[in-house]
Amino acid sequence: MLTLVVATTVDPASIGPASALLAMPGWQLGPSWQEDAQSYVNEEVRLIKLDNRLVKEDHLDKRWEEATGESVDEVMFLSKQVASSKRRAFTIHPIGMNKIRMYSTPHIGEGEVLVAGEKVGWAAPPNPRIGPWLRLLRTISASHNLSPEFEVTLEATYHGPVINSPTMFAEIGSTEEYWRRQGAAQAIALLVWQGLGLGDGIAVGDCPRNNGRSKILLGIGGGHYVPRHLDVVLKDGVWVGHLLSGYSLPMEDPIPSQPKVPVNANAVGGTWRESKVAFEATKLALPGGEVLAHLDQKSFKSWQRNAITGFLVEQNIKIGKPSDI
């Protein structure tokens, strides 16, 4: 597998881990494929340093292939994470357009302005390593005495860039002090080094291809840090697809004055049905397993839950409990 690891010099939480990774053995200069970029080669890994914001780097995989002739199998972006809570965290998440205010989702309302990298009704294939690497990052963080100071968590699917390869973001949050923290940079560098099996190691999280015996979590509902889905993903052997938080499922109550009146999915307005692209992208990225929708039941009102459940059944998307996954 050929892997692109992508960093930018304009983000200290990106270039810090990239520099720590390049300090490890085996790297050589790679091809000069773009005027404002450098590349480095180590086995089947290509590390790219850019001078642009990562969310603006649409179709980076295709551009690399056209410039070098190398086919890209997966992409990892190294980035900062910003949170108003200023929480200290390592986060991992898939990408796609899940809109609400500052966030982007597959559901952009009419007349709303898109920000860098956004595209309506789109989700990148989620990198199959998301679940295994979350668990690996927890181990690395603990062994380097970064836990519990740094929380290790998932984030919901959001933002770009637009890309076709299985993709994930690995981030350091969430203030300037921690973006520049050398220990945090080293932890993310080790995640990539160990996770990709560099230095004669064994890669972690290669895509399962076992005729449907693997179960893949498609998270639906909850907050941005998807705590109920996280609880399931922390179990060994769980694979992760897209994670759609509640804000990415805009739903219009068909009978707001009569909250206890049952409604069907067709009566509920809003752009929430467009989230089916997340299921399709998950199937594309993890063809060897069975995708199960895992609902954060308590995050929905009953009419929302009933509508979503009915829609999933209508679309032949199986619903799973934590014990099923």
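Everything quoted here is computed from the prediction, not taken from an experiment. The residues of the chain are indexed from 1 along the displayed sequence.
- The neighbour count for K235 NZ, taken as heavy atoms of other residues, nucleotides or ligands under 6.0 Å away, is above 12.
- A side-chain donor-acceptor contact under 3.5 Å links D11 to the backbone of K80.
- Note that the OG atom of S147 and the CG atom of N145 stand 9.0 Å from one another [nearest 0.5 Å].
- Residues W193 and N42 have side chains in contact (heavy-atom distance under 4.5 Å, counting atoms from C-beta outward).
- Applying side chain to side chain contact (heavy atoms under 4.5 Å, CB included) to R129 and the options L134, D206, V204, L136 leaves one that passes, D206.
- T309 contributes no side-chain N or O that, together with a main-chain N or O of N306, makes up a donor-acceptor pair within less than 3.5 Å.
- When all heavy atoms of I163 and P125 are compared, the pair lying nearest together is O-CD, 4.3 Å.
- The aromatic rings of H159 and H93 stand perpendicular to each other, their planes meeting at an angle above 60°, with 30° marking the opposite boundary.
- S14 and T8 are not linked by any side-chain donor-acceptor pair at a separation below 3.5 angstrom, with hydrogens and angles left out of the test.
- The distance from the CD1 atom of I15 to the CG atom of D51 is 8.5 Å, given to the nearest 0.5 Å.
- Ring pair F150/F90 is parallel by interplanar angle, where below 30° counts as parallel and above 60° as perpendicular.
- Expressed to the nearest 0.5 Å, how far CG of L295 lies from NZ of K321 amounts to 12.5 Å.
- For the pair W179 (side chain) and Q81 (backbone), a donor-acceptor distance under 3.5 Å is present.
- Under the 4.5 Å side-chain heavy-atom criterion for grouping Ile, Leu, Val, Met, Phe, Trp and Tyr, L284 is not connected to L292 through any hydrophobic cluster.
- In the model, S165 has no side-chain atom that pairs as donor or acceptor with a side-chain atom of E74 under 3.5 Å.
- With hydrogens and angles disregarded, a donor-acceptor distance shorter than 3.5 Å links the side chain of R135 to the backbone of V233.
- At least one side-chain heavy atom of K49 sits less than 4.5 Å from a side-chain heavy atom of Q38.
- H242 and A123 get closest at one heavy-atom pair: NE2-CB, 3.6 Å.
- No side-chain donor-acceptor contact under 3.5 Å links K215 to the backbone of G320.
- Counting only distance, with no hydrogens or angles, the side chain of R87 and the backbone of S84 share no donor-acceptor pair below 3.5 Å.
- When side chains are defined from C-beta on, L196 counts as touching W133, because their heavy atoms get closer than 4.5 Å.
- Here CD1 of I308 is found 11.5 Å from CD1 of I317. Values are rounded to the nearest 0.5 Å.
- Ring geometry for Y247 versus H224: interplanar angle under 30°, hence parallel rather than tilted (30 to 60°).
- Side-chain N or O atoms of S275 include one that pairs as donor or acceptor with a backbone N or O of W272 at under 3.5 Å.
- Side-chain contact between V45 and W27: present, with at least one pair of heavy atoms (C-beta onward) separated by less than 4.5 Å.
- Between A267 and R273, the closest heavy-atom pair is N-NH2, 4.4 Å.
- Distance CD/Q304 to OG/S299: 8.0 Å, rounded to 0.5 Å.
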Q: Tell me, with the steps shown, if K298 and R228 meet side-chain contact (heavy atoms from CB on, under 4.5 Å).
A: CA-CA 10 Å; K298 294 183 178 180; R228 295 189 186 278; 3.3 Å; yes
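- Looking at heavy atoms from C-beta onward, L190 lies in side-chain contact with M24 at the 4.5 angstrom threshold.
- Residues P126 and G241 approach most closely at CG-CA, 3.8 Å, considering heavy atoms.
- Within the 4.5 Å cutoff, the side chain of V41 has heavy atoms near those of the P31 side chain.
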Q: Show your working on side-chain contact (heavy atoms from CB on, under 4.5 Å) between L29 and Y40 and close with a plain yes or no.
A: CA-CA 4 Å; L29 279 174; Y40 303 85; 3.5 Å; yes
Q) Would V291 and K318 satisfy side-chain contact (heavy atoms from CB on, under 4.5 Å), going step by step from the backbone distance to the final call? A) CA-CA 7 Å; V291 179; K318 294 184 179 180; over 6 Å; no
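- One finds a salt bridge joining E149 and R181 here, because a Lys/Arg side-chain nitrogen approaches an Asp/Glu carboxylate oxygen to under 4.0 Å.
- Contact annotation: the side chain of P12 approaches that of R180 to within less than 4.5 Å [non-hydrogen atoms, C-beta and beyond].
- Without hydrogens or angle criteria, T157 side chain to L243 main chain gives a donor-acceptor distance under 3.5 Å.
- A donor-acceptor distance shorter than 3.5 angstrom exists from the side chain of T282 to the backbone of A278, with no hydrogens or angles considered.
- Annotation: side chain of V72 is not in contact with side chain of L60 (no heavy-atom distance under 4.5 Å).
- A donor-acceptor contact shorter than 3.5 Å links the side chain of H229 to the backbone of G221.
- The CZ atom of R63 sits 8.0 Å away from atom CG of D58, with the distance rounded to the nearest 0.5 Å.
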Q: Run the numbers on W64 and I48 for side-chain contact (heavy atoms from CB on, under 4.5 Å), then give the verdict.
A: CA-CA 10 Å; W64 176 269; I48 300 172; 3.6 Å; yes
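- Criterion: ILVMFWY side-chain heavy atoms under 4.5 Å apart, direct or through other members. Under it, V75 and W33 are part of a common hydrophobic cluster.
- Ion pairing between a basic and an acidic side chain is recognised when a charged N comes within 4.0 Å of a carboxylate O; E177 and R88 show no such pairing.
- Taking both residues in full, the closest heavy atoms of A293 and L312 are given as CB-CD1, 3.9 Å, listed atom of the first, atom of the second, then distance.
- A side chain to side chain contact (heavy atoms under 4.5 Å, CB included) with M76 is found for one member of V192, L47, T3 and no other, namely T3.
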